[in-house]
Protein chains: 2
Amino acid sequence: MSSLTLYTPAGVLAQAQPLKRAAKRLAKLGFDVEIDESALAKHQRFGGDDATRLAALHRIAKAGPHVALASRGGYGMTRLLDQIDWKLMVKSAERGTRWVGQSDLTSLQLGLLAHAKEGHHPISWAGPLACDDFGRSEEEGGVDDITQDCFTEAMSGALEAVGFRTEAGFEELGVRGQLWGGNLCVLNSLLGTRHFPQIKGGILFLEDVNEHPYRVERSLLQLQQAGVLDAQKAIVLGDFSGWRKSPLDRGYTLKTAIERVRASTRTPILTGLPFGHVRTKVCLPVGAKAELYVQGREVLIGWAAEHHHHPHLHRH
Amino acid sequence: MSSLTLYTPAGVLAQAQPLKRAAKRLAKLGFDVEIDESALAKHQRFGGDDATRLAALHRIAKAGPHVALASRGGYGMTRLLDQIDWKLMVKSAERGTRWVGQSDLTSLQLGLLAHAKEGHHPISWAGPLACDDFGRSEEEGGVDDITQDCFTEAMSGALEAVGFRTEAGFEELGVRGQLWGGNLCVLNSLLGTRHFPQIKGGILFLEDVNEHPYRVERSLLQLQQAGVLDAQKAIVLGDFSGWRKSPLDRGYTLKTAIERVRASTRTPILTGLPFGHVRTKVCLPVGAKAELYVQGREVLIGWAAEHHHHPHLHRH
C-alpha cells in the first residue's frame, strides 16, 4: 500500500471540505493517506506563513512517503525557493517520494532539477492537485476518470507513456530528451535565478491559465530570447484557456501567437497535450529521459517505467 | 523649435482621433510635430506588422527628431528586440533624440542600456504616451497639467529633479546611482535575455497596472533571486493599481507584498513615485546618473540637466 501525504505548500485552503473529500477518494483508490499537520494552516492568502510551509516541505521530505501530493497551487512557492533545503528535497525524490502537482508547484519541480548535483536525477510528477482534481463534490463534477487512472498508474510506477492528438505538420517527428516544464508563468518566474534548470536537448511542456495570448507569446519569446526554446528538441503545449478576448485583438488569437513563436525558433512546437488547468490531465515525469514520436497526428511521449509488471499505455 | 515624431511601436491605434488630438496639443506646446507614416498601420493587435514597426523605429532613429514619442504601449516591442539595430538606436539617443514612453516601451529603453557598448551612455525618457496622456478629449479629462509641464521641461533639457512624498522610515537616506526601470512585467520579460541591462548600484524605479499584489511580489522576488534588487542602491515604486481583490486574499495587500519583498533585500524600497499607468506622471531619464535624497518624507531624485539656463525643480 502506497503512503500518500497531502500538504499545502502555496495558496490557502478556504475550506477543509475539498481536502477531506480528496483524502477519502485517494484512500478508496488504495493509498494510505495522511494529511500533513499544517495542511489547513492559514496566513493571509497562504497555507500558513513561510516558515510553516517550508517546515512542511522538509518534514515530508524526511518522512519519505511514496507520494507527496499538494492540495492546491495558487501562489507561495516563490517565497520559499531561497530557503528550501534542496539537497534534502533532491534526496527525497531520488529515494522514491513522488512530489506531484502543477501550477505553482512548477517551481518546486524545476528547482529540483536546477539544484541536483552532477550524477543526481531527481524526478517529480507534473500532475493533479488534491483539491482541484480529487476534491470536487459530485455536484461539482466529481473526479475525472482519465486524470484519476493516469495518476494511479503513474504513482504505481507503471505509467510509461501518454498519447494525444496534435495538429498536422509534425508527421514522423521523433526526438529524445529530458522531459521538463510546467506552468509557463511560473517557469518564466525562475528565469535569471539559480532555480531555473539549464536543460539542453529537452522536451519542454508548457501550460497556462487566464493569460491572454499576447502574454503567452511574450513569455514564449522571452524563453526564445533566453536561448531556451532553440536549445530544446521539442516544445509541447498543453491547455491555455480562461483568457478573455479584447476588442483590440482584431484577429490575433492563441493560434496566431503560437505561429509567431514558431517563426522565431527552429524547435517544433506541438499542441494538444492534455495538461493544464483542465479537468482531464495526464501525469508527466519531470526530469525523466523521454522520447516523443509522432505517427500521423498521434503523439506518444514515452519514458522508462519504474516497474515492468504492468506495462500500460495511457492514451487520451 | 523642437521636432517631435509620433509613432506606434507596439499596440494598434483603434482610432486616429486620439493621435490627432495629441498632435494638435503638442503643436500648441511648441513642438514641430510629425506623425510617422505608419503610425496608424494596423495588423491584428499591432500598429503594423513586425517589419513595419521595426522600420518605423529605424526610420525615426535615422531622421533624428528631438523627440520620438510613442503613441501608446500595449504589446509588441518584445517581437522586435532581436531584430532591432541597437547600434543605430544607441547612436540616435546619444545624438539627442529623446525616446519617450512607458509600459511596453520599457523594453526599448532598457534594451538601449543593455546594448550600449563601453563608453556609450544612451539616455531615454520614461514618461507619457501620446494617446494616453495627450490624446484624451476634454470630456475624457483632457491633459494632466503636471504630466504636461514635466514633459515639456524634460524635453527642453531643463528638468533636473522630481520630488514626491514617501512613507516614513527613509529619513536622511541619500544614494547615487544610475537611474533605470519602468514597467515591472516588461522589465522582468527581459530577464535571462541579452536585452536586460546589468546595472549595479543603480536606482531602480518600477510600476505596473492590473497586476494582483501576489504577481507584483512574485516579479519583485524574481528580481531579488536574480540578484538585481540587492545590487541596487534604492528601489522606488510608482503606481500599482487596477487589480482586483480576491476573497482568498485574507488581509494580503499590496502593502504586505511590499513588506515581504523588503524582508528579502537590504536595498531600501521606497513608495510614492508619481509614475505608472496614472494621469499624473513625471518624466525620468532612463540611464542617467542620478541622486536620491530623502528629507523627512520628501524624496528628491535629481540628475544633471542638459541645459542650465532654466534650472527647474518639478515637485509633485
Side-chain angles (χ1 to χ4, degrees), chain A residues 10-14 42-47 49-50 72 74-83 104 107 111 185-186 188-196 198 212-215 217-228 245-253 256-257 260-261 263-264, chain B residues 10-14 42-47 49-50 72 74-83 104 107 111 185-186 188-196 198 212-215 217-228 245-253 256-257 260-261 263-264:
Chain A
V12 68
L13 300 189
K42 292 178 180 177
H43 174 74
Q44 297 167 356
R45 58 182 294 115
F46 306 97
D49 63 17
D50 295 358
R72 61 172 289 239
Y75 165 72
M77 283 300 311
T78 307
R79 289 179 160 213
L80 308 183
L81 295 177
D82 276 351
Q83 279 86 51
D104 202 44
S107 53
C185 259
V186 176
N188 275 37
S189 80
L190 305 175
L191 272 171
T193 81
R194 64 196 182 93
H195 309 298
F196 190 88
Q198 303 300 321
H212 190 283
Y214 88 78
R215 296 179 73 118
E217 182 190 304
R218 184 168 64 192
S219 292
L220 290 171
L221 288 179
Q222 179 178 12
L223 287 174
Q224 169 60 17
Q225 289 166 11
V228 177
K245 287 184 186 180
S246 152
L248 286 177
D249 289 339
R250 306 179 67 260
Y252 178 84
T253 62
T256 55
R260 179 60 184 78
V261 179
S264 283
Chain B
V12 67
L13 300 190
K42 292 178 179 179
H43 174 74
Q44 298 167 355
R45 61 181 294 114
F46 306 97
D49 63 18
D50 295 358
R72 61 172 289 239
Y75 165 73
M77 282 301 309
T78 307
R79 289 180 160 210
L80 309 183
L81 296 177
D82 276 352
Q83 278 87 51
D104 203 43
S107 53
C185 258
V186 175
N188 274 36
S189 80
L190 304 176
L191 271 171
T193 81
R194 65 195 181 92
H195 310 298
F196 191 88
Q198 304 300 321
H212 190 282
Y214 88 79
R215 296 179 72 119
E217 182 189 303
R218 183 167 65 193
S219 293
L220 290 171
L221 288 180
Q222 179 178 13
L223 287 174
Q224 169 60 16
Q225 290 166 12
V228 177
K245 287 184 186 181
S246 152
L248 287 177
D249 289 339
R250 305 180 65 260
Y252 177 85
T253 62
T256 55
R260 179 59 185 79
V261 179
S264 282

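These values consider heavy atoms only, across backbone and side chains, with no hydrogens, waters or symmetry-generated copies. Letters A, B, ... are given to chains in the order of the sequence lines, protein chains preceding strands, and every chain is numbered from 1.
- For A:F196, the ring-ring contact (aromatic ring centres under 6.0 Å, His included) test picks out A:W180, with sequence neighbours left out.
- Interface remark: A:R79 contributes backbone and side-chain atoms alike to the contact with chain B (heavy atom separation under 4.5 Å).
- Between chain B and the residues A:Q224, A:K42, A:R218, the most heavy-atom pairs under 4.5 angstrom are made by A:R218.
- When each of A:H43, A:R215, A:R250 is scored by its heavy-atom pairs under 4.5 Å with chain B, the top score falls to A:R250.
- Inter-residue side-chain proximity for A:Q44 and B:T253 is flagged as unmet; no heavy-atom pair is nearer than 4.5 Å.
- Only the backbone of A:L190 comes within less than 4.5 Å of a heavy atom in chain B; its side chain stays farther off.
- A donor-acceptor contact shorter than 3.5 Å is absent between the side chain of A:Q222 and the backbone of B:T193.
- For chain B, the option among A:N188, A:V12, A:D249, A:L223 with the highest count of heavy-atom pairs below 4.5 Å is A:D249.
- The distance from the CG atom of A:D50 to the CZ atom of B:R260 is 4.5 Å, given to the nearest 0.5 Å.
- Distance check: B:R45 CZ to A:H212 NE2 gives 4.5 Å after rounding to the nearest 0.5 Å.
- Side chains of A:T78 and B:Q225 form a contact here, defined as non-hydrogen atoms less than 4.5 Å apart.
- Annotation: the span from A:Q83 atom CD to B:S264 atom OG amounts to 6.5 Å, rounded to 0.5 Å.
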